[in-house]
Structure formats: structure tokens, C-alpha cells
Enquirer: 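Please find one structure pasted underneath; my questions will follow.
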Amino acid sequence: MRNRVLILAVLLASVPVLAATQELLPATLGEWVSTLSLTVEPREIEKLAGEEAALMREYGVTGAEQRTYSRGVRSLKVTVFLFADSTTAYGAYSFLRLEAANAEGLTPSADQQGSKERMLLGNLIVEVSGNGLEAQRGAVKNLLKQLLIWSDSTPYPLLAQSLPTEGLLRGSERFVLSATTLARVLPIERSDWASFQYGAEALLARYRVEGKETTLLLISYPTPQAAKLKQAELGRWFNVNNSETSPTQRPVAHVRRILSVLALALNSKSPQAAQSVLGQVQFQPNFSWNEPSHRATDPPILFSIYGIIIGTMVLLAFTFVAGLSFGGLRIVIKHFFPGRVFDRADTMQILQLGLSSKPIEAKDFY
């Protein structure tokens, strides 16, 4: 019986290990068979990402997997890029959007250009390309449902919901987590003037209002106090609200603070357009507690029950041994030192309320 319990424990413990080492992409896609497979680590990401490898490293890509499926003269290449969480994947995807995007994609966050399509699934960026995309669209949808099980289900950054929609140039949104990445899209200052090292997040987008273009930059800070302090420091890098009358080299930035978010309108040739865009910014913090949910990579429930039983048995054994030790030590001391450590009636005092006629003596207890 003991051997059976040990075998069961080993089998249950091996389940999460097997799940963790399982490949994401299957060997077949519908009736198509994989003819080529490649898995790379972050240091080899150039093999699958090419010129976009540097950007992916900035957002912390943790690996990638690619399979080529073929049937006759048609082929389909599926590539999955893995990131640490949904926030970093969202940021990388905002830079990797295809320029000429088709709004009809396989997922809500998808861009298509010709025979190539990119999709965002939690902490996964999925890229599908080849002359078999249309023929295998149904099979690709089933594949995405399987990948959704393994992806990170945490919400995307709340800052994206604060972007005004009126006048927004679709596809211009860029989610930023570092000063290096911000300098890619806003080459005003290469230093960390936005304080990303202290937990700031930024979202940049371009707007066209009354025929004039304005760049909107939203920077979210951990607390409203941190945002207020940063707002007071912006004069070191910008001409805030065009308040300086003398000529200056610093760019003009129209600024508005909403709780813990700073909204900056930059590169605007019209103060009215800048204020119009800033006036549309709405930020509503969402205070919630997301309870953890069961995922495919979590240990099975039997393994958890087995751990609870073992832990309870260990606790019972500890209390039993502790009880025996204490009782045995008391007996030994009473045997060799009678009346000197325990059962000392002459040194014992009892507080009495005097409710009975007979007083209570300490020796009555022994």
C-alpha cells in the first residue's frame, strides 16, 4: 500500500512538469502536417524576429516557437513569441502592428496585411503567414483557442482605456515601459525624464483635429502624489502650457493631470487643438481584486489534496512527539526532584472571593 501511495505521488508531481515542457504548436494543423519546427531562446530571437528582435528584447521576450505546415504547393508558417506577462506583450504588439492593417482579423487584437497576420493573445504574439492562410483560417482559429488556454489571462493595461477616440489616428498607439523605447517614438529627450525606473507606464498616440496633428502622451504613475511631483518637474524639459514669453529651445507641452495620470499634448501647432484633445482624456482607476483561477499548467487537485493530507499528518506527529516529550520531562523531574519544581503547595497562592465558608488550601490540589 505504501508503494502505491509513493507511485501516485510521483505521477501527480510529474503532471505540471510535463505540461511546462509541452510545445505550444501542434504537429498538425487540420489536414496539414508540420514539415519544419524551430524553438529559440531570447539570445537567438533574431532567427525568427529579424529586425524586430531588438524591440522584443526591450519588452522582455522569453522565447519563440515556429512551425511550417504544408500540403501540396501551399504552406503556412505559424510563429509564437512569448513574453513575461500580458502588459509587456501588449507593449511589443503596439510597435509591431502592420502598417497597412485590415480591421477584420482572427482576434479582436489582430492586424492583417496581404498573406500575413499578427494577433495578440495575453502574453503571446502570434504571427501567421503564407499562401495557405485563407484555406486554413478555420484551423488557425482552433489553434488560437488552444493557445488561449496557455496564455496569460490578466487584463491589458488600464491606460489604453483612457485614450480619446475622436480624431485618433488608428494604429498610432504605442505603449511604452522604458526611456529607450519612448525615444523611438518621441525623440525629445533621451534621459528617463518620465521616471520609468519608478514604475511609470506611458501610452502615446497621434490625433488629427481640424486638420492639425497633435501627439498625446499619457503617463501613469503609482500614486497621484508621484504624478503631482512629476508635473512640477516638467518645466526642466518642456515649455509647459507655453507659459514662457522669452525664446526657449524646450518644446511646448500642454499638460493636464487626472489623478495619477499626466496627459501631455506635444507637437501641436494649435493650442486649441491641444486643449481639445486633453479635455477628452478620462481616467477612472479600477480597484479590484482578481481571484486566481485554475490554469492548464497548475497542479491537479489530487496533488493538492495529497499535499494537505501529508502536511496534516506531519503536524499531528509533531504535536504527539511534543506532548510525549513534555509529559516525560515532567515525570522525570518529579521523580528526581519531588516537590522542588512541580507540586509546591507551600509556595502556591490562590486568590479567593470568599464565597464559601471553607477556605481553599493549595494542598487540596495534590
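Not measured: the values here are computed from a predicted model. The figures here come from the full heavy-atom set of this structure, side chains too, leaving out hydrogens, waters and symmetry mates.
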Enquirer: Salt-bridged, E210 to K212, with N to O below 4.0 Å?
Expert: no
Enquirer: Just do the side-chain contact (heavy atoms from CB on, under 4.5 Å) check on L147 and V80 with the steps written out, would you?
Expert: CA-CA 9 Å; L147 293 176; V80 179; 4.1 Å; yes
Enquirer: Give the C-alpha distance, both sets of side-chain angles, the deciding distance and a yes or no for side-chain contact (heavy atoms from CB on, under 4.5 Å) between S191 and W237.
Expert: CA-CA 10 Å; S191 64; W237 302 283; 4.1 Å; yes
Enquirer: Using a 3.5 Å distance criterion without hydrogens, assess whether the side chain of R67 forms a donor-acceptor pair with backbone atoms of L25.
Expert: yes
Enquirer: Taking all atoms of both residues into account, what is the closest heavy-atom pair of T35 and S70, and its distance?
Expert: OG1-OG, 3.5 Å
Enquirer: Is there a path of hydrophobic side-chain contacts, each under 4.5 Å between heavy atoms of I, L, V, M, F, W or Y residues, that connects V261 with L168?
Expert: yes
Enquirer: Going hydrophobic residue to hydrophobic residue with side-chain gaps under 4.5 angstrom, can you get from L329 over to F336?
Expert: yes
Enquirer: Sub-3.5 Å donor-acceptor pair from the side chain of D85 to the main-chain atoms of D152, do we have one?
Expert: no
Enquirer: Got a donor-acceptor contact below 3.5 angstrom from the N131 side chain to the L76 backbone?
Expert: no
Enquirer: Does N142 reach the main-chain N or O of K145 with its side chain, forming a donor-acceptor pair under 3.5 Å?
Expert: no
Enquirer: Under 3.5 Å, side chain of S75 to main-chain N/O of R71, donor-acceptor pair present?
Expert: no
Enquirer: With a 4.5 Å cut-off on side-chain heavy-atom distances among I, L, V, M, F, W and Y, is there a chain of contacts connecting V176 to L158?
Expert: yes
Enquirer: Going by the angle between their ring planes, with limits at 30° and 60°, are F95 and Y59 parallel, tilted or perpendicular?
Expert: tilted
Enquirer: Measuring from I308:CD1 to I305:CD1, what's the distance to the nearest 0.5 Å?
Expert: 6.5 Å
Enquirer: Which residues pass the side-chain hydrogen bond (donor to acceptor under 3.5 Å, both in side chains) test with R250, sequence neighbours left out?
Expert: E244, T248
Enquirer: State, to 0.1 Å, how close E173 and R97 come at their nearest heavy-atom pair, and which atoms those are.
Expert: O-NH1, 3.2 Å
Enquirer: Only counting residues at least two apart or in another chain, list the ones meeting side-chain hydrogen bond (donor to acceptor under 3.5 Å, both in side chains) with S86.
Expert: T154
Enquirer: To the nearest 0.5 Å, how far apart are OG in S151 and CD1 in I125?
Expert: 12.5 Å
Enquirer: By the ring-ring contact (aromatic ring centres under 6.0 Å, His included) test, which pairs, at least two apart or in different chains, include something from residues 157-176?
Expert: Y90-F175
Enquirer: Between L186 and L217, is any pair of side-chain heavy atoms under 4.5 Å apart?
Expert: yes
Enquirer: I want to check something: taking the side chain as every heavy atom from C-beta on, are Y69 and V140 in contact at a cut-off of under 4.5 Å?
Expert: no
Enquirer: Show, in sequence, the C-alpha distance, side-chain angles and deciding distance for V128 and L143, and conclude whether the side-chain contact (heavy atoms from CB on, under 4.5 Å) test is met.
Expert: CA-CA 11 Å; V128 184; L143 173 62; over 6 Å; no
Enquirer: For A263 and L218, which heavy atoms make the closest approach, and how far apart are they?
Expert: CB-CD2, 3.6 Å
Enquirer: Is the backbone of G60 close enough, under 3.5 Å, to the side chain of T88 for a donor and an acceptor to pair up by distance?
Expert: no
Enquirer: State whether the side chain of S172 and the backbone N or O of R206 hold a donor-acceptor pair below 3.5 Å, judged by distance alone.
Expert: yes
Enquirer: Considering non-hydrogen atoms only, spot the tightest contact between L159 and E201 and give its length.
Expert: CD2-O, 3.8 Å
Enquirer: How about S37 and S34: does a side-chain donor come under 3.5 Å of a side-chain acceptor?
Expert: no
Enquirer: With side-chain contact (heavy atoms from CB on, under 4.5 Å) as the criterion, how do L120 and Y156 come out once you've worked through the C-alpha distance, each side chain's angles and the decisive distance to 0.1 Å?
Expert: CA-CA 11 Å; L120 176 63; Y156 295 122; 3.5 Å; yes
Enquirer: Is there a donor in the side chain of T214 and an acceptor in the side chain of S268, or the other way round, less than 3.5 Å apart?
Expert: yes
Enquirer: Among T68, L24, V126, find the residue that satisfies the side chain to side chain contact (heavy atoms under 4.5 Å, CB included) test when tested with V78.
Expert: V126
Enquirer: Does any part of the side chain of E117, heavy atoms only, come nearer than 4.5 Å to the side chain of R137, both counted from C-beta?
Expert: yes
Enquirer: Same cluster or not: Y93 versus I45, using hydrophobic residues (I, L, V, M, F, W, Y) connected whenever any side-chain heavy atoms lie under 4.5 Å apart?
Expert: yes
Enquirer: Give the minimum heavy-atom separation between A194 and Y221, together with the two atoms involved.
Expert: O-OH, 3.0 Å
Enquirer: I'd like to know if K228 pairs up with E233 as an ion pair, taking the criterion as any Lys NZ or Arg NE/NH1/NH2 lying under 4.0 Å from an Asp or Glu carboxylate oxygen.
Expert: no
Enquirer: Would you say that W193 contacts L182 through its side chain, given a criterion of any heavy-atom pair below 4.5 Å between the two side chains?
Expert: yes
Enquirer: Can you tell me how far CZ of F238 sits from CG of L264, rounded to the nearest 0.5 angstrom?
Expert: 6.0 Å
Enquirer: So, do V252 and L266 sit near enough that their side-chain heavy atoms are less than 4.5 Å apart?
Expert: no
Enquirer: Ignoring hydrogens and angles, tell me if any N or O in the side chain of S178 forms a donor-acceptor pair with the backbone of T181 under 3.5 Å.
Expert: yes
Enquirer: In this structure, are over 12 heavy atoms from other groups packed under 6.0 Å from E166 atom CD?
Expert: no
Enquirer: To the closest 0.5 Å, what do you measure between CE (M119) and CG (L144)?
Expert: 5.0 Å
Enquirer: Distance-only, no hydrogens or angles: does the N241 side chain make a donor-acceptor pair with backbone N or O of V255 under 3.5 Å?
Expert: yes
Enquirer: So, do Q282 and S162 sit near enough that their side-chain heavy atoms are less than 4.5 Å apart?
Expert: no
Enquirer: Salt-bridge test for E127 and K77: reply yes if a basic N is under 4.0 Å from a carboxylate O, no otherwise.
Expert: no
Enquirer: State yes or no: do I333 and F326 share one hydrophobic cluster built from I, L, V, M, F, W and Y residues joined by side-chain heavy-atom distances below 4.5 Å, directly or via other members?
Expert: no
Enquirer: Regarding R174 and S94, do their side chains bring together a donor and an acceptor under 3.5 Å, going by distance alone?
Expert: no
Enquirer: Measure the shortest side-chain to side-chain distance between I301 and Y306 over non-hydrogen atoms and say whether it is less than 4.5 angstrom.
Expert: no
Enquirer: With sequence neighbours excluded, tell me which residues meet side-chain hydrogen bond (donor to acceptor under 3.5 Å, both in side chains) with Q66.
Expert: T79
Enquirer: Show me the side-chain donor-acceptor pairs of residues 47-56 shorter than 3.5 Å, one per line, residues at least two apart or across chains.
Expert:
from, atom 1, to, atom 2, distance (Å)
E52, OE1, R118, NH2, 2.8
E52, OE2, R118, NH2, 3.0

Enquirer: Output the distance between atom CG (L203) and atom OG (S220), rounded to the nearest 0.5 Å.
Expert: 10.5 Å
Enquirer: Quick one: closest heavy-atom pair of V240 and G235, and the distance?
Expert: CG2-N, 3.9 Å
Enquirer: Tell me who clusters with F320, hydrophobic residues only, linked when side chains sit under 4.5 Å apart either directly or through other members.
Expert: L324
Enquirer: With rounding to the nearest 0.5 Å, note down the distance linking OG1 in T87 to CG in L177.
Expert: 7.5 Å
